[in-house]
Amino acid sequence: MPELPEVETIRRQLAPEVAGRVVRRLDVLDPLWSRPVDPAELGAAVSGRGIREMGRRGKYLLLRLDGGETLAMHLRMTGNLLLVEDGEAAEARFLRARFELDDGRELWFTDARRFGQALLLGDERLEEHLAERLGLEPFSEDFTPAALGEMAAGRSAPLKSFLLDQKGVAGVGNIYADEALFRASLHPLSPAGSMRSGHLEDLHEGILGALRAGLDEGGASIDDYRDARGERGTMQDEFLVHTREGLACPRCGESIRRIVVSGRSTYFCPGCQVRLRRRRRRSRL
DNA sequence: AGGTCGGCCTGGCAGC
DNA sequence: TGCTGCCAGGCCGACC
């Protein structure tokens with residue numbers, strides 16, 4: 001699934017290719033992609049516009065256009081954004097939207113499950129939209145163990161659910177949540193508010209370490225994910241626990257388990273990931 | 001208000 | 001072989 005490392009891999013590949021180009025034409029083939037906006041309306045609004053840059057916030061790809069508007073795209077589960085050299089020759093399976101650039105190349109948004117969406121907003125409204133949904137960027141200097149502690153304080157939700165919540169740390173999804181918790185030696189069912197300062201440092205480091213590994217490997221291609229060139233990432237070969245049920249823990253050798261937390265498959269090592277207890281409220285003096 | 005759950009959506013695969 | 005039914009999960013709205 002596209003999470004921060006996958007989306008950032010695509011952004012890094014596309015940014016130098018699309019900056020300064022013009023979208024000669026945007027063809028929206030699937031009304032679900034532009035919903036609730038009419039496909040033809042969104043197509044007309046983007047066609048002819050110059051591209052300033054390709055950005056990212058959380059798991060959103062941000063196509064920044066001339067004139068102070070941005071097309072925010074979300075890949076959700078099975079979306080891909082491909083740079084296509086020859087639109088005639090490429091296989092158009094699951095094609096939902098097609099951008100023709102002024103250099104003859106095309107950007108294709110493909111999406112088997114059709115969860116992906118795009119939204120055109122003025123930059124001010126976009127900032128509001130993102131601020132309502134997303135918390136800290138993990139690679140910003142604002143993301144510190146102390147900031148993590150402030151977000152987790154008083155929360156009884158399991159650490160796994162806490163990490164999946166985009167309003168906390170933006171960009172972490174099911175894969176990297178499992179990997180981060182393993183790196184931090186923290187049990188996914190531990191209440192978020194139960195972490196002490198050492199745990200906060202471990203989790204902070206675990207999140208960054210897992211995301212960096214994903215970036216180094218060009219993302220994880222368990223099934224649908226491909227980078228902007230259509231190639232697979234290799235992070236799935238480096239997973240420490242995710243999808244490794246029954247295999248030996250790389251740290252202590254115990255058998256990795258799979259449980260369901262918040263309806264999501266969750267992999268962890270019962271041998272070395274510590275289950276914290278809910279912190280007792282400070283008694284009043 | 002914080003936490004959980006069902007719905008969106010469909011390809012792929014297990015099971016018969 | 002071919003059909004059915006279930007699973008995957010990011011995000012959001014409904015509900016407790």
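Letters A, B, ... mirror the listed sequences (proteins, then strands); counts begin at 1. No experiment lies behind these values; they were computed from the predicted model shown.
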Measure all distances between protein nitrogen or oxygen atoms and nitrogen or oxygen atoms of nucleotides 7-12 of chain B, and list the pairs falling under 3.5 Å.
unit_1 : atom_1 : unit_2 : atom_2 : d
B/dT10 : OP1    : A/R114 : NH1    : 2.3

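Taking 4.0 Å as the cut-off between side-chain N and carboxylate O, A/E179 and A/R183 do not count as a salt-bridged pair. Ion pairing of A/R57 with A/E137 is present here, as a side-chain N (NZ or NE/NH1/NH2) and a carboxylate O approach within less than 4.0 Å. Checked for salt-bridge contact, A/E132 and A/K167 miss the test: no charged N lies under 4.0 Å from a carboxylate O. Comment: A/R25 engages A/D27 in a salt bridge, judged by a side-chain N to carboxylate O separation of less than 4.0 angstrom. Between A/R49 and A/D66, none of the side-chain N atoms (NZ, or NE/NH1/NH2) sits under 4.0 Å from a carboxylate O, so this pair counts as no salt bridge. Ion pairing between a basic and an acidic side chain is recognised when a charged N comes within 4.0 Å of a carboxylate O; A/R155 and A/D165 show such pairing.
Going from atom CG of A/D224 over to atom C1' of C/dG10 covers 14 Å, rounded to whole Å. The separation between A/L134 atom CG and C/dC11 atom P is 8 Å, rounded to whole Å. Distance, A/I222 CD1 to C/dC7 P: 18 Å, rounded to whole Å. In this structure, A/K167 atom NZ and B/dA1 atom C1' are separated by 12 Å, rounded to whole Å. Separating the CD atom of A/Q166 from the C1' atom of C/dG9 is a distance of 12 Å, rounded to the nearest angstrom. Atom CG of A/L4 is separated from atom P of C/dG10 by 13 Å (rounded to the nearest Å). When the P atom of C/dG10 is taken as reference, atom NZ of A/K59 falls 5 Å away, rounded to whole Å. The distance between atom CD of A/E245 and atom P of C/dC7, rounded to the nearest whole Å, is 14 Å.
Between A/H187 and A/F268, the ring-plane angle classifies as tilted under the 30° and 60° cut-offs.
When side chains are defined from C-beta on, A/Q273 counts as touching A/P188, because their heavy atoms get closer than 4.5 Å.
A close approach under 4.0 Å does occur between a side-chain nitrogen or oxygen of A/S265 and OP1 or OP2 of C/dG9. Within the 4.0 Å cut-off from OP1 or OP2 of C/dG10, not a single side-chain nitrogen or oxygen of A/H74 is found.
When the nearest nucleotides of DNA chain C are assigned to A/H129 and A/M77 by heavy-atom distance, the more 5′-ward of the two goes with A/M77.
Taking the ring pair (Phe, Tyr, Trp, His ring centres under 6.0 Å) definition, one finds that A/F182 meets it with nothing, sequence neighbours left out.
Contacts between residues 148-161 of chain A and DNA chain B, defined by a heavy-atom separation under 4.0 Å, are made by A/R155, A/S156, A/A157, A/P158.
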